[in-house]
Structure formats: C-alpha cells, structure tokens
There are 2 protein chains.
Amino acid sequence: MDELDSEIVRLLQTDARQSNRELARTLGIAPSTCLERVKALTRRGVIRGYHADISLPALNRGVQALVSLQVRPLSRTVINRTKEDVSRMAEVISIFVVAGGDDLVLHVGVQDLDHLHAFLVDGLSKRKEIAGFRTSVIFQQVHNTVLSRLDDPDE
Amino acid sequence: MDELDSEIVRLLQTDARQSNRELARTLGIAPSTCLERVKALTRRGVIRGYHADISLPALNRGVQALVSLQVRPLSRTVINRTKEDVSRMAEVISIFVVAGGDDLVLHVGVQDLDHLHAFLVDGLSKRKEIAGFRTSVIFQQVHNTVLSRLDDPDE
DNA sequence: AATGAAAGCCCCGCTAC
DNA sequence: GTAGCGGGGCTTTCATT
C-alpha cells in the first residue's frame with residue numbers, strides 16, 4: 001500500500017468507470033502496471049466493488065431520514081433479526097449496528113413526509129422488539145473521499 | 001423511467017464496472033439501446049456517478065462511529081461553516097445535515113479507539129460552535145440496493 | 001425507441017527487457 | 001516495473017426501421 005496504490009484508490013472512488021488506460025495515463029505509469037495494481041488491490045480486499053451513485057430524488061425518494069432505535073430484549077438474536085427484517089423494507093437504504101444510546105441506526109428514503117410517517121408508525125412502531133426510536137430528517141448529505149490510509153507508523 | 005430503466009439502475013448499483021455489452025445481454029436488449037438508456041439516465045441526473053467501494057479496515061480505519069452533534073448558535077451560517085470544517089478532517093467519511101434533536105451527524109472512520117477519542121476531544125470539543133455531541137460506535141453496516149422508484153401512482 | 005453494421009478503441013496475455 | 005504486439009471483445013456512432 002504505497003503512494004501509487006492510495007492514488008489509484010482515490011481516483012477509482014471519484015470515477016469508477018474510467019478505463020484502465022486512462023487511469024494509467026493520469027498516474028504516469030504503464031497500463032499493464034496499473035491493471036496489476038488494481039487487481040492486487042481487489043485481491044487483497046481493499047477494493048470491494050464498484051457501485052453506481054443513484055440520485056434518490058430521481059427515484060421518488062426526496063425525503064430521507066436517520067432513524068436511531070433501541071431493541072428489547074437487547075440480545076444478539078434480536079439485533080440480528082431486526083436488522084434482517086428492516087433490510088427487507090424498500091424504504092431502508094442502509095443500516096448501522098451500533099453501540100451507545102442506540103442499537104441500530106437506519107438511513108431511510110421515502111417519497112414524502114406522509115410516507116415517512118407511515119413507515120415509522122406502520123413499519124417500525126408495530127414491532128414489539130423495537131422499544132423506541134428517534135428520527136432526524138436529512139437536509140443535506142456530503143460525501144468525503146477516503147483519501148488513503150490515515151497516518152500509520154507501521155508499513 | 002420504465003421497468004428497463006429501473007433494472008439498469010439496479011444492475012449498475014450492484015456492479016458499476018460491468019461492460020455495456022454484458023448489461024445489454026442480461027437485459028435482453030441491443031448494446032446500442034442499452035448505452036442510449038444509460039446515457040439518458042445520466043443526462044437526467046438519475047445516475048450521478050460511479051464509485052469504487054473501498055474497505056475501510058484495509059485503509060487502516062477499522063473503527064467507525066456515528067457522531068451526532070448540536071451547534072450553537074443554531075444558524076445557517078454556523079451549520080454551513082461547521083459542515084465545511086469537519087468535511088476537511090481526514091477522519092470524516094460523510095456528513096448529514098439534519099433536523100431533530102441533532103444538527104449534524106458525522107460518519108467517521110479512524111485507526112482505533114485511541115484515535116476516535118483524540119478526534120472527539122481534540123477535533124470536536126475544541127470548537128466553540130459545537131455545543132455537544134453523542135457518539136455511537138459502529139459494529140456493522142449493511143447496504144441495501146435501492147431497487148427502483150417506490151410505488152408512485154403518477155408516471 | 002430499438003436495431004445491426006462498422007470503425008476504432010481497449011483489454012489483456014504474451015513476450016522481452 | 002516497463003514496453004510493444006496482436007487477437008478478440010467492447011464501445012459508440014449512424015443509417016434504418
């Protein structure tokens with residue numbers, strides 16, 4: 001994981017569909033070297049995949065929220081079952097399993113506030129294992145590029 | 001935005017680097033048609049880009065957390081300035097501007113718990129405009145594919 | 001909108017250095 | 001790690017329907 005690898009990771013985060021040739025040109029290295037690096041990064045699990053970034057408003061999900069919730073009884077089984085159940089709901093974009101005041105945090109996206117209300121009241125409140133939740137409506141989201149390793153004396 | 005467009009969006013979310021030809025084969029349409037659809041989706045802003053999915057542990061960020069914080073005084077200016085300041089911190093992966101009990105939620109990734117502590121104490125607590133925060137350490141994250149539009153009687 | 005043909009570009013294994 | 005080569009596959013445009 002040297003400077004070149006970090007740069008490859010950074011560039012592929014910004015644009016995952018650029019060709020290997022273009023990537024190599026930007027980095028000033030031979031395409032074969034570049035391809036080898038990308039394959040090695042993939043093999044080592046640094047690059048896990050490539051995903052299209054989809055506009056949620058364009059898919060009729062203009063309203064997003066973070067929903068922090070607590071489950072009871074608090075056990076591995078209940079956490080996992082709740083996680084799997086909510087992951088099947090179309091409104092749920094991603095799920096964090098956390099520790100702190102909350103047990104799960106859901107990132108949800110829905111058409112409008114009426115549907116958010118329906119999701120909370122009909123989708124979550126009815127589940128006995130969900131003891132409580134708190135909703136924060138999202139106004140903006142900013143994504144940061146993960147630049148490289150944080151400073152690390154080793155390696 | 002018909003059934004075919006939804007399927008393209010779904011497939012590119014799963015694997016953004018598959019070739020246009022492969023995409024067309026899966027959908028049972030001609031490559032030129034498929035390309036035209038993808039371009040139209042991009043032009044209309046449905047597809048916003050393509051990003052490599054990078055393993056945070058591989059980049060020496062094994063510890064992730066959600067940090068919910070409040071700013072004071074609560075004004076557009078202070079929210080925006082805080083958002084921009086924290087977005088420059090290497091530890092911050094993404095930022096949500098929200099309403100509810102909190103004003104901002106940060107997704108952070110750091111090497112270990114010592115660095116998390118340092119980030120909170122040295123990075124956040126020192127800022128006068130940050131009135132308080134609450135930290136939830138992340139154990140797992142599950143990403144859901146956004147399948148398509150949610151049901152919408154129009155269109 | 002969708003298609004097929006065609007020209008050009010890219011990928012990638014191979015080779016040699 | 002770099003450079004060049006070549007077959008096969010892919011991208012992309014365009015006339016046609």
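Each chain gets a letter, A, B and so on, in the order the sequences are listed, and its residues count up from 1. Hydrogens, waters and symmetry mates play no part in the numbers below; they use all other heavy atoms, side chains included.
- Note on A:Arg10 versus A:Glu7: salt bridge recorded, some NZ/NE/NH1/NH2 to OD/OE distance being below 4.0 Å.
- Between B:Leu59 and A:Met1 there is a side-chain heavy-atom pair separated by less than 4.5 Å.
- Residues A:Pro31 and A:Asn20 share a closest heavy-atom pair of O-ND2, 3.0 Å.
- Residues B:Leu11 and B:Leu27 meet the side-chain proximity criterion, which asks for heavy atoms closer than 4.5 Å.
- Atom CG of B:Leu35 and atom P of D:dT13 are 7 Å apart (whole Å).
- Side-chain atoms of B:Asp112 and B:His115 form a donor-acceptor pair, as typed in the model, at a separation below 3.5 Å.
- Note that the first and last nucleotides of DNA chain C, 5' to 3', having any atom under 4.0 angstrom from a heavy atom of chain A are C:dC10 to C:dG13.
- The closest donor-acceptor contact from the side chain of B:His51 to the backbone of A:Gln13 lies under 3.5 Å.
- Checking the phosphate oxygens (OP1, OP2) of D:dT11, no side-chain nitrogen or oxygen of B:Lys39 falls inside 4.0 Å.
- Looking at heavy atoms from C-beta onward, B:Phe119 lies in side-chain contact with B:Val92 at the 4.5 angstrom threshold.
- Contacts between residues 15-32 of chain B and DNA chain C, defined by a heavy-atom separation under 4.0 Å, are made by B:Ile29, B:Ala30, B:Ser32.
- Cluster annotation: A:Val105 is not connected to A:Ile93 through the hydrophobic network of ILVMFWY side chains, with a link wherever side-chain heavy atoms come within less than 4.5 Å.
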